[in-house]
Amino acid sequence: MSVILGIETSCDETAVAVVADQTHVKSNIIYTQTVHAEYGGVVPELASREHLSRLQPLFTDALAQAGIDKKDIDGIAVTRGPGLIGCLLVGVAYAKGLSASLEVPFIGVNHLEGHAISNRLVAPDFGFPHVTLIVSGGHTSLVKVESWDTFITLGQTRDDAAGEALDKIGKLVGLPYPAGAAIDKLAQDGNPTAIKFPRARLEEGSLDFSFSGVKTSAAIYLEKNPEAAKPESLPDFFASFQAAIIDVLVEKLMLAAKTHHACGVALSGGVACNSMLRHKTEHAAKDAGLAYTSPPPEYCTDNAAMIAARGAIELDAGRSSPLDMVAVPTWAVGKPI
Ligand code: KG4
Ligand code: ZN
């Protein structure tokens, strides 16, 4: 067992954390980059530069908050992919430099396996196998978790991620980026059956997703009904739009659990903060007699505690990455690079 430093720079959160004994989070510092808001989406070059200037002060803060010295670090876990390549390179280069100077091993971690393991930080005894829905601005995947060290991709989105669809429609009505949390809030006062949006289920039994159709359908609806974008109409519009996405997410999560004989279902990723998604998943799991868990918001959105938690298992097992390890922009869970 050991003290692991986690580093996360795959997109627009710069994060550093210290995790001891695989599950004990001693610090979890997250800087959410604000520079992208005026562009309505993440600008990769700006994100890389922000990571570069923020990492060192965050490292100092993470050690101070954990009450440790850099000599106490036994190993370093860094996000290797998937993500924006320029952003990943900043974190990976930083981790390699630290590893060389502190003379401790480092390991490149799959970001999605990090999301999947975020549930271990609050539900360490959650049973296996379970299925996790990883749902964020960049990803929508169903992952079978056979142990905290064995992950298998069961399905993923063929086009937009669920959070991406929410953010893009939010942008059309003038909500700041990212729009997910504001949509969640507005939708709480709306009627989810007010407007009928399509549910894309794909082929019979498919565990893949597609959200570009419902996104286009919502954009066309706004074009034809401009009054739907007025403040008094937004709750119904967003309750209906997010329900079209969430219904499919929950249906496929439950189908995956049934098909793969899982004992429980879990949520992870930024969109897992959504109150309707949490409520519907919890109820569906209860109806099916399955266990349910979801992390608190600070472990849903991108963070380095989950990266340290994933890396800790590998480092404790004696695995590490070589100094010439490269960052990878695409990397499906459980698949070779
Ligand atoms: O995991 P994350 O921080 O970064 C990515 O890997 O993308 O997720 C960010 C995504 C954004 O699309 C944001 O709109 C969405 O999570 N999000 C939400 C909520 N809070 C954040 N979506 C729906 N409801 C929320 N409460
Ligand atoms: Zn993520």
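What's counted below: heavy atoms across the whole structure, side chains too, no hydrogens, waters or symmetry copies. In each ligand, atom 1 is the first atom listed, and ligand 1 is the first ligand listed. Computed from a predicted model, the values in this text were never measured in an experiment.
Inclusion of Pro178 in the set of residues having an N or O under 3.5 Å from an N or O of ligand 1 is not warranted. In terms of polar-atom proximity, His139 is not counted as a contact of ligand 1, lacking any N or O under 3.5 Å from an N or O of the ligand. Close N/O approach between Glu164 and ligand 1 is not found [any backbone or side-chain N/O within under 3.5 Å]. For ligand 1, the polar-atom distance check finds an N/O of Gly270 within less than 3.5 Å of one of the ligand's N/O atoms. When only interatomic distances are considered, the shortest N/O to N/O separation between Asp302 and ligand 1 falls below 3.5 Å.
In this comparison of Ser10, Ser268, Gly180, the heavy atom closest to atom 22 (N) of ligand 1 sits on Gly180.
Remark: ligand 1 atoms within the under-4.0 Å shell around heavy atoms of Asn274 are 23 (C), 24 (N), 25 (C), 26 (N). Of all the atoms in ligand 1, the ones that sit under 4.0 Å from a non-hydrogen atom of Gly137 are 5 (C), 7 (O), 8 (O), 9 (C), 10 (C), 12 (O). If you number the atoms of ligand 1 from 1 as listed, the ones under 4.0 Å from a heavy atom of Gly163 come out as 12 (O). The distance from ligand 1 to the heavy atoms of Glu13 drops below 4.0 Å at these ligand atoms: 3 (O). For ligand 1 and Gly138, the ligand atoms under 4.0 Å from any heavy atom of the residue are 7 (O). Heavy-atom proximity to Ala181, at under 4.0 Å, picks out these atoms of ligand 1: 18 (C), 19 (C), 20 (N), 25 (C), 26 (N). Taking every heavy atom of Thr301 and a limit of under 4.0 angstrom, the matching atoms of ligand 1 come to 1 (O), 3 (O). Counting the atoms of ligand 1 from 1 in the order shown, those under 4.0 Å from a heavy atom of His115 are 1 (O).
Only one option out of Leu175, Ile183, Asp160 pairs with Leu166 in a side chain to side chain contact (heavy atoms under 4.5 Å, CB included); it is Ile183. For the pairing with His115, the side chain to side chain contact (heavy atoms under 4.5 Å, CB included) check across Leu267, Thr132, Val135, Asp302 returns one residue only, Asp302.
With rounding to the nearest 0.5 Å, the separation of CE in Met276 from CG in Leu249 is 11.5 Å. Atoms CD and OG1, on Glu50 and Thr32 in that order, are 11.0 Å from each other to the nearest 0.5 Å. The CD1 atom of Ile134 sits 13.5 Å away from the OG1 atom of Thr157 when rounded to the nearest 0.5 Å.
Taking the ring centroids of Phe197 and Tyr221, they lie under the 6.0 Å cut-off.
Between the side chains of Asn274 and His279, no donor N or O sits under 3.5 Å from an acceptor N or O.
With respect to atom 26 (N) of ligand 1, the closest heavy atom belonging to the protein is Asp184 OD2, 2.9 Å. Closest to atom 14 (O) of ligand 1, if we only count protein heavy atoms, is Asp167 OD1, 2.7 Å.
Considering only residues two or more places apart in sequence or on other chains, Phe209 meets the ring pair (Phe, Tyr, Trp, His ring centres under 6.0 Å) condition with Phe211.
Residue pairs meeting the salt bridge (Lys or Arg N to Asp or Glu O under 4.0 Å) criterion with at least one member in residues 10-29: none, sequence neighbours excluded.
Ring pair Phe241/Phe237 is parallel by interplanar angle, where below 30° counts as parallel and above 60° as perpendicular.
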Q. Do Asp159 and Ser210 pass the side-chain hydrogen bond (donor to acceptor under 3.5 Å, both in side chains) test, and can you show the C-alpha distance, the side-chain angles, and the key distance before you say yes or no?
A. CA-CA 6 Å; Asp159 40 57; Ser210 168; 2.6 Å; yes

Check: residues 320-327 side-chain donor-acceptor pairs under 3.5 Å, at least two apart:
from   : atom 1 : to     : atom 2 : distance (Å)
Ser321 : OG     : Gly108 : N      : 3.0

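For a distance threshold of 2.8 Å, the protein N, O or S atoms nearer than that to the Zn ion (ligand 2), listed by chain and number, are His111 NE2, His115 NE2, Asp302 OD1.
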